[in-house]
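Side chains included, hydrogens not; waters and symmetry mates left out as well; all remaining heavy atoms used.
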Amino acid sequence: MAVTSKVYDRIWLTDYFHDFPHINFNFKKVNSTFDPENREYQESLAVLVLFPVCICLVLWLIYLIYFIARCCQRPSLHRHKNRGSCCFTGFVILLVLLADCLIGWGFFQNERADGGVDGVQLAVTNINTTIAVAQTDLTNLATIADKISGPLAQTLEAAAGDIPDPSFRKRIVDMIEQMRQQAVTAKRDVEVVDKLSSCQDYLTDAHDSVQEFEYYRWIGTICVFVLYAAVFVCVLVGLVKHWKRLLAITAAFGVLLAAVFWTLVGAYLSLSVGLGDFCVDPTKFFVRELTDSVSAGKLLVYMQCTDTSQPYQEVIVEAQNTLTQATNTLDAIAQYTRPYQLPGFEETVKLVEANILQAQGNLSGILTNVGTCTLLHNYYISGVNSACHKTLESGALLLVVSGLLALISAAMVFFVSCLWRTYDKKCTTQYINADDTDPFLPRPPPYEPDYGSIARASPAAWSDRGALRAQHPSVNEEQVMFLRHQPPPMREDSPPPAYHSGQFSSQYIEGALSSTYGHPRNQ
């Protein structure tokens, strides 16, 4: 069954990123054709990396102005501190949870992009493996051809020397020589295929470069997303626990890590644009790279594959026909010499037939692998599709995710700085010794010096308090708790009291005397 050639179909993201402005360091527009060795094209990709970095520098300036203003802000003495709005805190928590979801989605897209690069590496490995198998078949074919044209042909000629008829013997020897030449011709026809061995070096270098770049991209993305996760988890814990110090430290790290976050955005912007430029016409890039290459120029035939019979189908089919002729010649030799019963001749003929059959199998494998461009072209298209479909889509999504996370982290610094100011410090109770001579302090009710001491478990009855009864002769036992202690007489040079000395006591005493439970008992 014939193998159908695959076709590369670019997606809309390719044209979207390809249309991005390409500007060099002199702010001049340059050609957007993918050319990584061109200096101006390299500068255009570097500008895309530096653009988010410039945003980060502007953001740092805004941070500086904002925090200087907050530090210079004089707190109001009459402002009542509270825990902050629950709605605002809930909004910030939801924003943190959204950021965590974006981080998880970013991890998934990072692995998907790595899978696309693995598809490219698999395609390169398959091409190298196919060429290596073809090289093995070529080596086996050359060995068989040398064996048939060498020792086996000599064995047949030696055995044919026992034929008594000289004219018939000469005819058999000529047929053996014809078979030998056919084996040599088949070997010479496929020697052109051996030039593919030089293509493996180019493919190996490309495979190693892609693998090294992908390793640093993959591990760098994971490290940045881990930093994102750490920052947002600390913010979430600080909001839930109302830890002002944790929020302040997290905000400080968020400001410093903004350079890393926005650099990741620039890296994925540059990567997406460069990959979009490449995917507009991947074959055109390889044509420009390999046209003047002596070692890897043959790969262009397989990449373009405009004619499926190219590059070696004709010569391999010719070699197969030559081996078929050699097989027919060998069959005729065996048939002509069978009546003579030559010793060892028939065994040698069977050995030659087995070698020719093996050589034909090698030629079939070479024809399938590298004789036509279909198989290697399909591997090439599979690699291009992996890079320009899977990797480009995941790279674009990683660009969106990293951009959103950078914006959320930038806003989170402002939100957190507003919230931690509403968190009061824990009040610690301090006991100070009261000055009993201060006339402005409230006074306790009169009590005996031994009240509350270890010697007396309960206060003395009013009838037992002679000194106090002498001072208040009109007060009974029920009215004791309403008595107001009279402060010592004030000196003339003392400041005036904060309230009138008898402003409230008379009201309280009258209310107590007029209440039901405040009437004195009948003794």
Side-chain angles (χ1 to χ4, degrees), residues 8 10-11 13-53 113-114 116-125 127-128 199-221 263-297 299-300 302-304 380-396 398-399:
Y8 166 64
R10 67 189 186 194
I11 59 178
L13 284 173
T14 299
D15 296 325
Y16 177 77
F17 285 113
H18 182 65
D19 293 336
F20 263 64
H22 293 67
I23 302 174
N24 60 9
F25 291 157
N26 296 325
F27 299 99
K28 295 181 180 180
K29 192 173 182 179
V30 300
N31 191 2
S32 59
T33 302
F34 183 73
D35 189 5
E37 296 181 358
N38 186 286
R39 182 176 180 180
E40 290 188 346
Y41 184 80
Q42 293 174 355
E43 290 180 358
S44 67
L45 295 182
V47 168
L48 295 175
V49 177
L50 294 176
F51 178 71
V53 175
D114 184 67
V117 177
D118 288 342
V120 176
Q121 295 177 353
L122 180 61
V124 174
T125 302
I127 293 175
N128 269 337
C199 300
Q200 291 180 292
D201 297 334
Y202 176 82
L203 293 173
T204 302
D205 293 340
H207 177 273
D208 294 341
S209 300
V210 170
Q211 187 175 16
E212 182 179 5
F213 173 79
E214 173 58 18
Y215 171 76
Y216 289 112
R217 185 208 65 81
W218 181 79
I219 196 68
T221 303
T263 301
L264 181 68
V265 176
Y268 273 109
L269 178 60
S270 177
L271 175 64
S272 299
V273 172
L275 194 56
D277 294 337
F278 168 77
C279 294
V280 168
D281 192 355
T283 306
K284 182 179 179 180
F285 166 72
F286 288 110
V287 168
R288 188 175 63 252
E289 287 288 314
L290 303 177
T291 298
D292 299 330
S293 176
V294 178
S295 60
L299 287 175
L300 290 178
Y302 298 98
M303 293 177 179
Q304 296 171 331
Y380 164 72
I381 294 299
S382 297
V384 170
N385 285 335
S386 295
C388 297
H389 289 181
K390 198 172 183 179
T391 303
L392 181 58
E393 289 174 355
S394 297
L398 284 171
L399 171 62

Is any side-chain heavy atom of [X] less than 4.5 Å from a side-chain heavy atom of [Y]?
| X | Y | result |
| --- | --- | --- |
| Q304 | T283 | yes |
| V287 | M303 | no |
| C279 | R10 | no |
| Q211 | E214 | no |
| V117 | F213 | no |
| N128 | H207 | no |
| Y302 | I127 | no |

Looking only at side-chain N and O atoms, does T33 offer a donor or acceptor that is under 3.5 Å from a partner on D35?
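Their side chains do not contain a donor-acceptor pair, so the 3.5 Å distance test is not met.
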Going from [atom1] on [X] to [atom2] on [Y], what distance comes out if it is rounded to the nearest 0.5 angstrom?
| X | Y | atom1 | atom2 | answer |
| --- | --- | --- | --- | --- |
| L399 | Y268 | CG | OH | 9.5 Å |
| N385 | L392 | CG | CG | 12.0 Å |
| W218 | D118 | CH2 | CG | 10.5 Å |

What do you reckon, is CZ of F20 surrounded by more than 12 foreign heavy atoms closer than 6.0 Å?
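Enclosed.
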For residues 42-49, which side-chain donor-acceptor pairs fall under 3.5 Å, sequence neighbours excluded?
unit_1 : atom_1 : unit_2 : atom_2 : d
Q42    : NE2    : P36    : O      : 2.5
E43    : OE1    : F25    : N      : 3.4
S44    : OG     : Y41    : O      : 2.5

Ignoring hydrogens and geometry, is there a side-chain-to-backbone donor-acceptor pair from [X] to [Y] under 3.5 Å?
| X | Y | value |
| --- | --- | --- |
| T391 | S386 | yes |
| T125 | Q121 | yes |
| N26 | K28 | no |

Heavy atoms only: give me the nearest [X]-[Y] pair and the separation to one decimal.
| X | Y | answer |
| --- | --- | --- |
| D114 | R217 | N-NH2, 3.7 Å |
| Y8 | C388 | OH-CB, 3.5 Å |
| S32 | D277 | O-CG, 3.2 Å |
| V280 | T14 | N-CG2, 3.5 Å |
| L300 | F286 | CD2-O, 3.4 Å |
| V120 | G383 | CG2-O, 3.3 Å |

Holding to side chain to side chain contact (heavy atoms under 4.5 Å, CB included), I want the full list of residues that pass it with E393, two or more places apart in sequence or in another chain.
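E393 satisfies side chain to side chain contact (heavy atoms under 4.5 Å, CB included) with I11, L13, R112 only.
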